[in-house]
*Asks:* 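Before I ask anything, here is the structure I am working with.
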Amino acid sequence: MSEFTHLDKDGQPAIVDVGSKKITHRKAVAQAIISLPENVLTALKEGDFKTKKGSVFQIAIIAGIMGAKKTSELIPLCHPIGLDNCNLQIELNDHNEIVIECTASIEAKTGVEMEALTGASVAALTIYDMCKALSHDIVIKEIKLIEKTGGKNDFKRA
């Protein structure tokens, strides 16, 4: 059985020692899904997804990138890393839900799944913030890792 990596031999919180790991190309993709009430979705579509605060999707993309870059400041035991790339895509799916996909990559000794998850989360929270004036019945339904490559184990959600 695997062990929790963020605990030292005495069971105390610790950052993972990546000093002996090899530098590899690491990439992670995370997704967040938001469900909006019909009145909010209609207002967004009628306004071409722009509000008095600006373009909802464009601002969420910028916020998501900023969030991904600050992951180590938000998640206590994450290593501070300089991302090589961070890209967010936001679109409506067939169920009229907003789907946010954040892809982060780096050449490093540690992975970027927390950066991708943070980027998707911050983008979702930004959309909530920009739309809450119309309704608080907005649901961030799920935030999940879709895939990660590089390091010891690759992962791809089926």
Side-chain angles (χ1 to χ4, degrees), residues 1-36 40 44 49 51 53-93 97-133 136 138-158:
M1 182 173 168
S2 296
E3 295 180 5
F4 288 108
T5 57
H6 289 86
L7 298 174
D8 67 14
K9 63 180 173 50
D10 298 320
Q12 296 300 310
I15 194 165
V16 174
D17 183 354
V18 297
S20 62
K21 288 187 174 185
K22 292 182 181 176
I23 293 174
T24 61
H25 179 73
R26 310 209 181 209
K27 177 181 149 188
V29 180
Q31 181 183 81
I33 298 176
I34 305 170
S35 176
L36 298 172
V40 176
L44 283 174
F49 293 88
T51 69
K53 292 182 179 182
S55 169
V56 174
F57 288 3
Q58 288 179 351
I59 292 171
I61 287 169
I62 292 167
I65 292 168
M66 290 173 66
K69 289 167 47 174
K70 292 188 172 283
T71 298
S72 68
E73 295 175 36
L74 301 168
I75 311 296
L77 300 177
C78 283
H79 288 85
I81 60 173
L83 293 172
D84 290 342
N85 194 20
C86 184
N87 181 278
L88 277 92
Q89 301 290 323
I90 303 176
E91 58 187 37
L92 282 177
N93 68 13
E97 300 165 318
I98 296 174
V99 179
I100 301 164
E101 190 172 279
C102 180
T103 303
S105 63
I106 192 170
E107 296 279 331
K109 294 181 176 189
T110 188
V112 290
E113 53 265 40
M114 291 308 299
E115 286 72 15
L117 287 161
T118 300
S121 300
V122 171
L125 290 167
T126 299
I127 290 171
Y128 181 98
D129 179 52
M130 294 187 73
C131 296
K132 72 181 188 273
H136 289 92
I138 299 167
V139 178
I140 300 173
K141 291 174 55 171
E142 60 183 20
I143 299 165
K144 62 185 174 186
L145 182 67
I146 300 297
E147 69 176 287
K148 80 164 210 75
T149 57
K152 269 196 280 189
N153 301 306
D154 289 348
F155 169 83
K156 186 165 179 105
R157 191 169 298 280

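Keep in mind it's a predicted model, so treat the numbers as computed, not measured. The figures that follow rest on heavy atoms only: side chains count, while hydrogens, waters and symmetry mates do not. Positions are given from 1, in the same order as the sequence printed here.
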*Asks:* If I take atom CD from residue E107 and atom OG1 from residue T24, how far apart are they, to the nearest 0.5 angstrom?
*Replies:*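 Nearest 0.5 Å value for the CD-OG1 distance: 7.5 Å.
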*Asks:* Which atom pair, heavy atoms only, marks the closest approach of T118 to A68?
*Replies:*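 In this case the closest contact between T118 and A68 is CG2-N, 4.4 Å.
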*Asks:* Just wondering, do V122 and M66 contact through their side chains at under 4.5 Å, heavy atoms?
*Replies:*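 M66 vs V122: side chains apart.
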*Asks:* Could you tell me the separation between the SG atom of C102 and the CD1 atom of I65, rounded to the nearest 0.5 Å?
*Replies:*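 One finds 7.5 Å between SG of C102 and CD1 of I65.
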*Asks:* Got a second to check how far I23's CD1 is from R26's CZ, nearest 0.5 Å?
*Replies:* 9.5 Å
*Asks:* Heavy atoms only: give me the nearest I81-G111 pair and the separation to one decimal.
*Replies:*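 Looking at all heavy atoms of both residues, the closest pair is CD1-O, 4.1 Å.
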*Asks:* Can you measure from CD1 (I75) to CE (M114) and round to the nearest 0.5 angstrom?
*Replies:*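 It comes to 4.5 Å.
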*Asks:* Considering non-hydrogen atoms only, spot the tightest contact between A124 and A32 and give its length.
*Replies:* CB-CB, 4.1 Å
*Asks:* Is a donor on one side and an acceptor on the other found under 3.5 Å between the side chain of H79 and the backbone of V16?
*Replies:*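 Checked: pair present.
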*Asks:* Heavy atoms only: give me the nearest I106-G82 pair and the separation to one decimal.
*Replies:*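 Heavy-atom minimum between the residues: CD1-O, 3.0 Å.
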*Asks:* First locate atom NZ of K144, then atom CD1 of I146, and finally report the distance between them rounded to the nearest 0.5 Å.
*Replies:* 5.0 Å
*Asks:* State, without any angle test, whether N87 and Q89 hold a side-chain donor-acceptor pair at a distance under 3.5 Å.
*Replies:* yes
*Asks:* Hey, is the main chain of N153 close enough, under 3.5 Å, to the side chain of K148 for a donor-acceptor pair?
*Replies:* yes
*Asks:* Taking all atoms of both residues into account, what is the closest heavy-atom pair of A28 and L145, and its distance?
*Replies:*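 The answer is CB-CD1, 4.2 Å.
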*Asks:* Would you mind reporting whether C86 and L88 have side-chain heavy atoms less than 4.5 Å apart?
*Replies:* yes
*Asks:* Less than 4.5 Å apart, side chain to side chain, heavy atoms only: is that true for E142 and Q31?
*Replies:* yes
*Asks:* Compare all side-chain heavy atoms of V99 with those of I90 and state whether any distance is below 4.5 angstrom.
*Replies:*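 Sidechains of I90 and V99: no contact.
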*Asks:* Among T126, I61, L44, whose side chain to side chain contact (heavy atoms under 4.5 Å, CB included) with V56 holds?
*Replies:* L44
*Asks:* Any idea which heavy atoms bring L77 and P13 closest together, and the distance?
*Replies:*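 Residues L77 and P13, closest heavy atoms: CD1-CB, 4.3 Å.
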*Asks:* Roughly how far, to the nearest 0.5 Å, is NZ of K27 from CD of E147?
*Replies:*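 So the gap between those two atoms works out to 5.0 Å.
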*Asks:* Filter on salt bridge (charged side-chain N to carboxylate O under 4.0 Å, His left out), then keep only pairs touching residues 64-82, sequence neighbours left out; what's left?
*Replies:* K70-E73
